[in-house]
Amino acid sequence: MTVQAEVAAAANELARAGLLIGTSGNVSVRFGDRVAITGTGVILADCTEADVTVVDLGGAVIEGRLEPSSEIALHLAVYGGTSAAAVVHTHAPFSTAAACVLTELPVLHYQHLALGGAVRVAPYATFGTDELAANVLEALAGRQAALMANHGSVAVGSSLRAAIDNAVLLEWLATLHQHARQFGEPRALTAQQQNDVIEQAIRRGYGSPQERQ
Ligand SMILES: [Zn+2]
């Protein structure tokens, strides 16, 4: 499978999961000094490898028939400033709703810690701008995801699979937060409880299949 086909398959999967709606959102993968990113205006549920554009780390198009996504500056800023191998940007409903209200998404559930801690909401800036890219990069420090005020979500990962999973996890956590609020003010895990989760996860190899001894 080409890198372009992998990006297209990721866009299709995230559209089926309800995270990418119509043409909103974008997916990219870094390979060496190149980035494959969904083209602008593509209906992501129908995205094919021909709809994915390859650029260099400066954003110059190397291959592809479409202009790269309008959020290319955001993707390039993440690759320039982190070790991420893939970036997923969505306007997923609960993540975006949370980003319209909160300044950070607190850790209510231990699974949240896979994202590195409370998810920060990057200050608002116009889509496609370097200002927005810089705000998001700052919000991503030490995290695998960030929210973008009144806009959406960004998830990164050490692989395309990890970035997809992190985007889905963030949407689940935003949904959980919204549901929890129906009952009253949610309890966040304390710093000690969060540390205990991380220690236990390391001890138990949490998240990977365990062969019986
Ligand atoms: Zn967007």
Side-chain angles (χ1 to χ4, degrees), residues 1-14 19-20 23-42 44 47 49-92 95 99 114-117 119-149 151-171:
M1 197 187 257
T2 64
V3 177
Q4 290 97 318
E6 288 176 24
V7 169
N12 301 157
E13 179 182 340
L14 287 159
L19 273 72
L20 297 179
T23 62
S24 69
N26 29 74
V27 178
S28 75
V29 166
R30 178 180 179 170
F31 56 114
D33 57 1
R34 295 183 179 191
V35 172
I37 184 165
T38 47
T40 188
V42 172
L44 294 150
C47 183
E49 64 183 306
D51 300 322
V52 177
T53 298
V54 176
V55 300
D56 67 19
L57 292 174
V61 174
I62 294 170
E63 195 182 341
R65 63 186 180 86
L66 295 177
E67 289 292 327
S69 159
S70 56
E71 290 296 0
I72 183 70
L74 167 65
H75 291 251
L76 294 176
V78 172
Y79 294 125
T82 74
S83 59
V87 178
V88 169
H89 163 53
T90 85
H91 297 176
S95 299
L115 300 179
V119 172
R120 302 182 192 98
V121 180
Y124 182 82
T126 307
F127 81 94
T129 59
D130 291 337
E131 184 187 1
L132 178 61
N135 291 351
V136 171
L137 186 58
E138 193 169 325
L140 277 172
R143 300 288 185 274
Q144 297 297 305
L147 292 167
M148 303 155 74
H151 182 159
S153 76
V154 176
V156 304
S158 56
S159 65
L160 182 55
R161 183 75 258 156
I164 294 167
D165 290 348
N166 287 335
V168 171
L169 175 59
L170 177 55
E171 179 66 1

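Values below: all heavy atoms of this structure, side chains included; hydrogens, waters and symmetry mates excluded.
- Inter-residue side-chain proximity for Arg30 and Leu57 is flagged as met; some heavy-atom pair is nearer than 4.5 Å.
- Within the model, atoms CG of Leu169 and OG of Ser153 stand 11.0 Å from one another, a figure rounded to the nearest 0.5 Å.
- Proximity of a side-chain donor or acceptor of Asn135 to a complementary backbone N or O of Pro123 within less than 3.5 Å is detected.
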**Request:** Start with the C-alpha distance between Ile72 and Thr53, add both sets of side-chain angles, then the distance that settles side chain to side chain contact (heavy atoms under 4.5 Å, CB included), and finish with yes or no.
**Result:** CA-CA 11 Å; Ile72 183 70; Thr53 298; over 6 Å; no
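- At a cut-off of 3.5 Å, with distance as the only test, no side-chain donor of Ser70 or Thr40 sits close to an acceptor on the other residue.
- A heavy-atom distance below 4.5 Å is not found between the side chains of Val3 and Val52.
- Arg143 places no side-chain N or O within 3.5 Å of a backbone atom of Val119 that could act as its donor or acceptor partner.
- Ring geometry for His91 versus His89: interplanar angle over 60°, hence perpendicular rather than tilted (30 to 60°).
- Using a 4.5 Å heavy-atom cutoff, the side chains of Leu115 and Leu170 are in contact.
- Across all non-hydrogen atoms, the minimal contact from Tyr124 to Ala149 is CD1-O, 3.1 Å.
- Nearest approach of Arg65 to Ala50, heavy atoms of both residues: NE-O, 3.2 Å.
- When all heavy atoms of Ala99 and Leu147 are compared, the closest pair comes out as CB-CB, 4.0 Å.
- No side-chain donor-acceptor contact under 3.5 Å links Asp51 to the backbone of Gly39.
- Taking CZ from Phe31 and CD from Gln4, the interatomic distance works out to 6.0 Å, rounded to the nearest 0.5 Å.
- Val7 has its side chain out of reach of Ile37: every pair of non-hydrogen atoms, C-beta onward, lies at least 4.5 Å apart.
- The two residues Ala141 and Arg120 come nearest to each other via the heavy atoms O-NH1, 2.8 Å.
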**Request:** Apply side chain to side chain contact (heavy atoms under 4.5 Å, CB included) to Val29 and Glu6, showing your working.
**Result:** CA-CA 9 Å; Val29 166; Glu6 288 176 24; 5.6 Å; no
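- Counting heavy atoms from C-beta outward, Leu132 and Glu71 have side chains that approach closer than 4.5 Å.
- The environment of Asp56 atom CG is dense: over 12 non-hydrogen atoms of other residues, nucleotides or ligands sit within 6.0 angstrom.
- Under the 4.5 Å side-chain criterion, counting only non-hydrogen atoms from C-beta, Val168 is in contact with Leu14.
- Annotation: the span from His151 atom NE2 to Thr90 atom OG1 amounts to 9.0 Å, rounded to 0.5 Å.
- Between atom CG of residue Leu20 and atom OG1 of residue Thr38 there is a gap of 8.0 Å, rounded to the nearest 0.5 Å.
- For Ser95 (side chain) and Ala92 (main-chain N/O), no donor-acceptor pair under 3.5 Å exists by modelled atom type.
- Here the shortest heavy-atom pairing between Val55 and Ile62 reads C-CD1, 3.8 Å.
- At least one side-chain heavy atom of Leu76 sits under 4.5 Å from a side-chain heavy atom of Val35.
- Side-chain contact check for Ile164 versus Arg161: some heavy-atom pair is nearer than 4.5 Å.
- The CG atom of Asn12 lies 8.5 Å from the CG atom of Leu44; values are rounded to the nearest 0.5 Å.
- Pairing each heavy atom of Ala10 with each of Leu160, the nearest pair is CB-CD2, 3.8 Å.
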